[in-house]
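Reading through the structure tokens given below for one structure.
The sequence lines fix the lettering, A, B, ..., with proteins before strands; numbering per chain opens at 1.
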Protein chains: 2
Amino acid sequence: MTGRFDSPGEGSNAEASTKAIVFVVEDDISVRRSLTNLFQQVGLEVVAFGSAREMLQSTIPDVTSCLVLDVRLPGLSGLDYQTELARLNIHIPIIFITGHGDIPMTVKAMKGGAVDFLSKPFRDQELLDAVVAATERDRKRREAQRTVANLQSLFETLSPREQAVMKLVAAGLMNKQVAAELGLAEITVKIYRGHVMKKMRARSLADLIRMSETLGICVNRSEQTQV
Amino acid sequence: MTGRFDSPGEGSNAEASTKAIVFVVEDDISVRRSLTNLFQQVGLEVVAFGSAREMLQSTIPDVTSCLVLDVRLPGLSGLDYQTELARLNIHIPIIFITGHGDIPMTVKAMKGGAVDFLSKPFRDQELLDAVVAATERDRKRREAQRTVANLQSLFETLSPREQAVMKLVAAGLMNKQVAAELGLAEITVKIYRGHVMKKMRARSLADLIRMSETLGICVNRSEQTQV
DNA sequence: ACGCATTACAAACATACGTATAGTTCTCTT
DNA sequence: AAGAGAACTATACGTATGTTTGTAATGCGT
């Protein structure tokens, strides 16, 4: 990890460097400027704010990113902001920095999923390493989320009946059992099942079941076991 | 969470209280004794050690447990011991306690998966709450591990050929494709597949595929896609 | 030498799955 | 009013899956 950012915008890391955004929330303007400079020097895009409120009011682009956050802030504190972001379902990886931190603070931040917690003074490279780790975490999270979202949108192209059939098929029921469950003729189930396979772009039943797992689709087990 | 341990050995938490073991590693004998007392008072079983080495040399029973670990220890430090346990693939949840901790220490501990990091002085209830959280985490981890182990042992009852068939079936191949892949007649695959279903106690193909997921069974995708 | 598990295949049958063609009914939109 | 899509069924056919019964070669331990 160390040294990945010491030569800006070159070689194999060019893509990661140019695409990631580092958000900075820090009330001290001189610290904010020096952080901004540091990140820009290694080719990272930076967007800095003086308070949590400012960042909440701005439009956050939907790209790989991380947040360097001062713990002590006027208004909403860094830890409160972390909680607030979680409540808003915003899962940007956070690196805390602080001048006067303590252990309970650190524990709360780390329990809340923070990537790192650095107390000043720290070496630039420590922060850069943390940023690399954080953006990498975000990249992976986004990739996983994109996969789910794609499947979800495919699933939503299914008619309600097709969705119902898919759920029961994924639960392991035979066509005739699905038909009984839904009050349909078996032939109808067969046809809907065909639609499901086509619309979900599943090449096999195994595929479809894995998709169901990813989507978290399941039915009440009591309905299966009584067969 | 708070107050779950303030009346020992009664009500719905009796099971969790009596079955969990709290390991304590603390060199200061008076602290060790007071911790032991505290946990015993709320009905927890306690096994205390004066050093990490002592605990490593003892036989650790295979039950739900957690570890209350002093950061500063003679010989192997608490943080080193955490690393060592991870290296040995021992995933007991750790609660650190310390008299003179600092932030980097805390961060390292939490990054390493610690449940909590308490600096003295702390309230007894804080520690007890952390122990509840830690044992609960261990209980869940053990449950998940047991599930995998059960499936694994079922899988090991399969003959090599049956295992191979299961892998390819779980990958979504048709019987004839499995047969071609393994150089078998289709009828042979059908028979082995029947054995697989019976031995794995799978009631449906969906079941079997979920088992494969849990077991992490997969084959080179190139073999499927070229069909 | 004997039993036993494994590997392997065949014939035959029953059941399950998938698709094409064709048609009815209903609702919602243009 | 016409068209589109959803929901639903039927007939018919072809393929896939699963099970039973039977056969046979191999290898391994006692």
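Between the side chain of A:D80 and the backbone N or O of A:L76 there is no donor-acceptor pair closer than 3.5 Å. In this structure, the side chain of B:T135 engages the main chain of B:V131 through a donor-acceptor pair within 3.5 Å. The backbone N or O of A:Q145 sits nowhere less than 3.5 Å from a side-chain atom of A:T147 that would complete a donor-acceptor pair.
As a whole-Å value, the separation of B:E186 CD from C:dC9 C1' is 13 Å. Taking atom CG of residue A:L205 and atom C1' of nucleotide C:dA16, one finds them 12 Å apart after rounding to whole Å. Residue B:I187 contributes atom CD1, which lies 10 Å from atom C1' of C:dA12 at whole-angstrom precision. Put simply, CZ on B:R161 is 11 Å from C1' on C:dT6, counting in whole angstrom units. Summarising the geometry, the separation between CD on B:E162 and P on C:dT7 is reported as 6 Å, rounded to the nearest angstrom.
The shortest side-chain heavy-atom distance between B:L38 and B:L128 falls under the 4.5 Å cut-off. Looking only at side-chain heavy atoms (C-beta outward), A:F39 and A:V24 come within less than 4.5 Å of each other. Using a 4.5 Å cut-off on side-chain heavy atoms (C-beta onward), A:Q152 and A:L215 make contact. A heavy-atom distance below 4.5 Å is not found between the side chains of A:V165 and A:N175.
Over its length, the helix from C:dA1-D:dT30 to C:dT30-D:dA1 turns its helix axis by 40°, as judged from the five terminal pairs at each end, rounded to 10°.
With respect to A:E84 and A:R87, a salt bridge is recorded, a charged nitrogen being found less than 4.0 Å from a carboxylate O. With respect to B:D116 and A:K111, a salt bridge is recorded, a charged nitrogen being found less than 4.0 Å from a carboxylate O.
Using cut-offs of 30° and 60° on the angle between ring planes, the pair B:F23 and B:F49 is parallel.
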Show your working on side-chain contact (heavy atoms from CB on, under 4.5 Å) between A:M55 and A:L67 and close with a plain yes or no.
CA-CA 10 Å; A:M55 180 165 168; A:L67 169 59; 3.9 Å; yes
Per-nucleotide protein contact string for nucleotides 24-30 of chain C (B base, S sugar-phosphate only, - none; heavy atom under 4.0 Å):
-------
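Pairs passing the salt bridge (Lys or Arg N to Asp or Glu O under 4.0 Å) check and including a residue from residues 140-153 of chain B, sequence neighbours excluded, read B:D62-B:R142, B:D138-B:R141, B:D138-B:R142, B:R139-B:E143. Identified under the salt bridge (Lys or Arg N to Asp or Glu O under 4.0 Å) test for residues 157-172 of chain A, with sequence neighbours left out: A:E162-A:K199.
With a cutoff of under 4.0 Å to any heavy atom of chain B, the contacted region of DNA chain D is bounded 5' to 3' by D:dA16 to D:dT19.
In the region residues 188-197 of chain B, proximity to DNA chain D at under 4.0 angstrom, judged on heavy atoms, holds for B:K190, B:R193, B:G194.
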